[in-house]
Amino acid sequence: MRELFDDELKKLHGRFVEMGLTISEQIYKSTTAFIEHDKKAAQEVIDADDETNSDEMKLEKQALSLIALQQPVATDFRVIISILKASSDLERIGDHAVSMARETIRVKGNPRIPKVEKQIAKMTEEVRNMLESALDAYVKSDADAAKKLSDNDVKVDEQYLLIRDEITEAVESDTATIAASSSYYMVIKLLERIGDHIVNLAEWIVYSAAGQIVELNPGKSNPELVDKLYSEAIVKDKGDSKDTKDSKNNK
């Protein structure tokens, strides 16, 4: 009986990781479609959402079946509950990817801001690396690695604030970008929320691996940290801009 349970639990783990990798790819596709103004690719992300929702329901059904039929011990029960909770966060991340794809369709044809789009691509890369690190920590049942993901979330929050300022400055310089700017604001906010959901994943990984309930979201555990790093980034950005101007003037 125990051998059968372990086999089914292994399948559940595999389904969760597969769902996570699929959603990571959806994040990439949706933001790439947004930056490249690719309406067709954006629609493909939207159309794939039904499959994501179906994957979550199948995973939930499999998990509940394990609880009902196999009578897991306390440790096993904790693992299964963690998977159920974490899969809900994955599904929400998938929803955010779809929302970004919808913005691609809505904003198509309006004047864009290339510098902002380049920064959004960088923020997307940070978020995807964060998600894949979370999945790796999950596979390895590595609570310490999961806890470190809060550091990545600080970087995502910092990028959000910096890009937000860049959008505001661009609109002030060229009012023709106002229509696109609302979509930019939406996309970076969705990416920031994805980072928060990944932190939730990390918390469930810690609970599953170590039986600890921890608060890893830096906005809750250390709200001053993001503001401090943001202020430092602003100073650095202004310093870099001044150095660039001085270099040009000296030529």
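Side chains are part of it too, since the values below use all heavy atoms of this structure and drop only hydrogens, waters and symmetry mates.
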Shortest non-hydrogen separation from V171 to S181 and the atoms involved:
CG2-CB, 3.4 Å
Taking all heavy atoms of A146 and all of V206, pick out the closest pair and write down the distance.
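That would be CB-CG2, 3.8 Å.
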Do [X] and [Y] touch side chain to side chain, with heavy atoms closer than 4.5 Å?
X: S82; Y: I205; answer: no
X: L59; Y: L12; answer: yes
X: Q159; Y: Q119; answer: no
X: S133; Y: K148; answer: no
X: V127; Y: T31; answer: no
X: T52; Y: D95; answer: no
X: M100; Y: E103; answer: no
X: V199; Y: L149; answer: no

Rounded to the nearest 0.5 Å, what separation is found between the [atom1] atom of [X] and the [atom2] atom of [Y]?
X: T104; Y: K39; atom1: OG1; atom2: NZ; result: 11.0 Å
X: I198; Y: L135; atom1: CD1; atom2: CG; result: 8.5 Å
X: I67; Y: L84; atom1: CD1; atom2: CG; result: 6.0 Å
X: M130; Y: I27; atom1: CE; atom2: CD1; result: 10.5 Å
X: I23; Y: L90; atom1: CD1; atom2: CG; result: 4.5 Å
X: K155; Y: N129; atom1: NZ; atom2: CG; result: 9.5 Å

Restricting to side-chain contact (heavy atoms from CB on, under 4.5 Å), what partner residues turn up for A145, sequence neighbours left out?
A137, D142
Please name all residues satisfying side-chain contact (heavy atoms from CB on, under 4.5 Å) with S141, sequence neighbours left out, ordered by chain then number.
A209
Under the salt bridge (charged side-chain N to carboxylate O under 4.0 Å, His left out) criterion, do E125 and K122 qualify, and how do the steps go?
CA-CA 5 Å; E125 184 178 0; K122 184 178 179 182; over 6 Å; no
Side-chain donor or acceptor of S24 paired with backbone N/O of G20 under 3.5 Å
no
Set out, in order, the CA-CA distance, both residues' side-chain angles and the distance that settles side chain to side chain contact (heavy atoms under 4.5 Å, CB included) for L21 and V17, then state yes or no.
CA-CA 6 Å; L21 292 174; V17 173; 4.1 Å; yes
[X]: salt bridge (Lys or Arg N to Asp or Glu O under 4.0 Å) partners, not counting sequence neighbours:
X: E126; answer: none
X: R128; answer: E25, E132
X: K140; answer: D136
X: D7; answer: K11

List the residues meeting ring pair (Phe, Tyr, Trp, His ring centres under 6.0 Å) with Y138, not counting sequence neighbours, and say none if there are none.
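Residues passing ring pair (Phe, Tyr, Trp, His ring centres under 6.0 Å) with Y138: H13, F16.
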Sequence neighbours left out, what passes ring pair (Phe, Tyr, Trp, His ring centres under 6.0 Å) with Y207? Give chain and number order.
W204
If a pair satisfies salt bridge (charged side-chain N to carboxylate O under 4.0 Å, His left out) and one of its residues is in residues 65-83, list it, with sequence neighbours excluded.
R2-D76
If a pair satisfies side chain to side chain donor-acceptor pair (under 3.5 Å) and one of its residues is in residues 54-67, list it, with sequence neighbours excluded.
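Every side chain to side chain donor-acceptor pair (under 3.5 Å) pair that includes a residue of residues 54-67, provided the two are not neighbours, is R15-Q62.
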Can you list, pair by pair, the side-chain donor-acceptor contacts under 3.5 Å of residues 184-194, counting residues two or more places apart and other chains?
| unit_1 | atom_1 | unit_2 | atom_2 | d |
| --- | --- | --- | --- | --- |
| Y184 | OH | R112 | NE | 3.4 |
| Y184 | OH | I113 | N | 2.8 |
| Y184 | OH | E117 | OE2 | 2.8 |
| Y185 | OH | T168 | OG1 | 2.7 |
| K189 | NZ | E192 | OE1 | 3.1 |

Answer yes or no: is there an ion pair linking E44 with K29, defined by an N-O contact shorter than 4.0 Å?
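Between K29 and E44 there is no salt bridge, as every charged N stays at least 4.0 Å from the carboxylate O atoms.
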May I have all residue pairs that pass ring pair (Phe, Tyr, Trp, His ring centres under 6.0 Å) and include part of residues 58-107, sequence neighbours excluded?
H96-H197
Give a yes or no on whether I81 and V214 share a hydrophobic cluster (residues Ile, Leu, Val, Met, Phe, Trp, Tyr; joining criterion: side-chain heavy atoms under 4.5 Å apart).
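Yes, I81 connects to V214 through the hydrophobic network.
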